[in-house]
Novice: 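Let me give you the structure first, and then I'll get to my questions.
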Protein chains: 2
Amino acid sequence: MRADARRNHERILEAARELFAEGQHDVPMEEIARRAGVGVGTLYRHFADKEALMGDLVRERFLVFNENLRDALAALPQTPAFEALALALRQNATSVAEDAATRFAFMTGEERVFAAAAAEMDEFRTLAAELVGRAKECGELRADFDAADIPMVMCGVCATIDRPKPDWDWRRHLELVLSGMRARATG
Amino acid sequence: MRADARRNHERILEAARELFAEGQHDVPMEEIARRAGVGVGTLYRHFADKEALMGDLVRERFLVFNENLRDALAALPQTPAFEALALALRQNATSVAEDAATRFAFMTGEERVFAAAAAEMDEFRTLAAELVGRAKECGELRADFDAADIPMVMCGVCATIDRPKPDWDWRRHLELVLSGMRARATG
DNA sequence: ACCTGAACACCGTTCAAGT
DNA sequence: ACCTGAACACCGTTCAAGT
């Protein structure tokens, strides 16, 4: 790939992140191209369509998620496994809250958006399963919790993050879910 | 309103429900009009725009939610308050799961969609507050749970309902949340 | 009063022409 | 190889003409 092409690729992603961050709910491809300083044709040369562009944003976000999960695993066993898991989920939610582009992609994205991040999502599942296993072993996480429940509950918290209301607070939502995950004290 | 106009109004809502139920993610206004047997102009005579149409679908769904909450209140005190609340939430989630049109409206709707159902949502909040109060009184619901958390967690479960994945199960999600809501046994 | 559908606007996507 | 932007397709919405 030529140097100018690579630069354009980066500029397009950056322009998308900027425009979504500026608050409009959706952003036209035309506008993303203009902000990136390229023609629409160039945008479509780099990304098959809008879903592919959003897929790349999702992919980058999963790289961050996975780093948070790896940090959590690295903190074991000094940190109790449930607390390490809870911290990683709080970090992931915060990272989504700060990135309007990914949030839009998560909420409106069809299958093809997530297909672009399949490898990273696989790694996410593997790391989550490891962490969930460790937290169950020490009896801090309820025994019937499944690793696949992690993406599911995160999806729920994301929905709250994405539609802020005066009397909603996604941190409360997450803490409530964490509380449901925590094992009850055994008699 | 003339009889034929009233019939058209009903037909349009019915057509929208049908088409969304048939599985496409979104449905063009043109297609809704055709299915209802009217011109697009007529559709726009009955509903200011697409959001207003979806708002009416949301409004009807809230009528069902409120009925479920009233049933729960009527079952007190024979039924324990927390169980009555849990049943109502399960019924509401099931009703959303069976209505693709409302689900789409909930997930993609902007403020204006919910504005159309403002009165019904107010009643929902009132009923939910009453039920939450009763469940706290008997110590079955955790004391720091707020009535406003009900719509918030339901929004999270809706997100799971709306994007089914092979290893996700919205009923599990709801039960997990309910488990987080339940008061811990006091020492 | 209410209905109709051609026409317009907006935005995702393509492609012939350029460097 | 890569870039450009005019052109096309699709869909939400309007409005002049009809009953």
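All chains are named by letter (A, B, ...) in the order of the sequence lines, taking the proteins before the strands, and each is independently numbered beginning at 1. All values below come from the heavy atoms of this structure, side chains included, with hydrogens, waters and symmetry mates left out.
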Novice: By nearest atom, which of the nucleotides C:dT13, C:dC3, D:dG12 is closest to the B:Asn8 side chain?
Specialist: C:dC3
Novice: Using a 6.0 Å distance limit plus a 45 degree cone around the ring axis, check whether B:Lys136 lies over the aromatic ring of B:Phe82.
Specialist: no
Novice: Does D:dC11 have a Watson-Crick or wobble partner in any strand here, with both distances under 3.5 angstrom, and which is it?
Specialist: none
Novice: Under 3.5 Å for both donor-acceptor distances, Watson-Crick or wobble: does D:dA16 have a partner, and if so which one?
Specialist: C:dT4
Novice: Relative to the 5' end of DNA chain D, which residue comes earlier, B:Lys50 or B:Gly41, by the nucleotide with the nearest heavy atom?
Specialist: B:Lys50
Novice: Among the nucleotides C:dG12, C:dT4, D:dT14, which one has an atom lying closest to any side-chain atom of B:Thr42?
Specialist: C:dT4
Novice: Can a side-chain donor-acceptor contact be found between A:Arg142 and B:Ser179 if the only test is distance below 3.5 angstrom?
Specialist: yes
Novice: Under 6.0 Å from the six-membered ring centre of B:Tyr44 and within 45° of its axis: does the NZ or CZ of B:Lys50 meet both?
Specialist: no
Novice: Whole-Å distance between C:dA1 C1' and B:Arg2 CZ?
Specialist: 5 Å
Novice: Please report, rounded to the nearest Å, how far the C1' atom of D:dC11 is from the CG atom of B:Leu53.
Specialist: 15 Å
Novice: Check this one for me: any side-chain N or O of B:Arg45 less than 4.0 Å away from OP1 or OP2 of C:dC2?
Specialist: yes
Novice: Side chain of B:Ala5, heavy atoms from C-beta onward: which of C:dC11, C:dC2, D:dG12 has the nearest atom to it?
Specialist: C:dC2
Novice: Round to the nearest Å and state the distance from A:Arg112 atom CZ to C:dG12 atom C1'.
Specialist: 13 Å
Novice: Tell me the interatomic distance from B:Glu51, atom CD, to D:dG12, atom P, rounded to whole angstroms.
Specialist: 12 Å
Novice: Please state how far atom CE in B:Met54 lies from atom P in D:dC11, giving the value in whole angstrom units.
Specialist: 16 Å
Novice: Can you check the B:Ile12 CD1 to C:dC2 C1' distance for me, whole Å?
Specialist: 12 Å
Novice: When all nucleic acid strands are considered with a 4.0 Å heavy-atom cut-off, which category describes B:His9: base, sugar-phosphate, or nothing?
Specialist: nothing
Novice: Return the value, rounded to whole Å, for the distance between atom CD of B:Gln24 and atom C1' of D:dC11.
Specialist: 14 Å
Novice: Look at A:Arg172 together with A:Asp167 and state whether they make a salt bridge at an N to O cut-off of under 4.0 Å.
Specialist: no
Novice: Of the nucleotides C:dT14, C:dC2, D:dG12, which one has an atom closest to the side chain of A:Val40?
Specialist: C:dT14
Novice: With a 4.0 Å cutoff (strictly under), does any side-chain N or O of B:Tyr44 reach OP1 or OP2 of D:dT13?
Specialist: yes
Novice: Counting only side-chain nitrogens and oxygens, does A:His46 get under 4.0 Å of the OP1 or OP2 atom of D:dC3?
Specialist: yes
Novice: With nearest nucleotide decided by heavy atoms, which residue, B:Glu30 or A:Val27, maps closer to the 5′ end of DNA chain C?
Specialist: B:Glu30
Novice: What is the distance from atom CZ of B:Phe124 to atom CZ of B:Phe62, rounded to the nearest 0.5 Å?
Specialist: 6.0 Å
Novice: For B:Leu43 and C:dT4, give me the distance from atom CG to atom P, rounded to whole Å.
Specialist: 11 Å
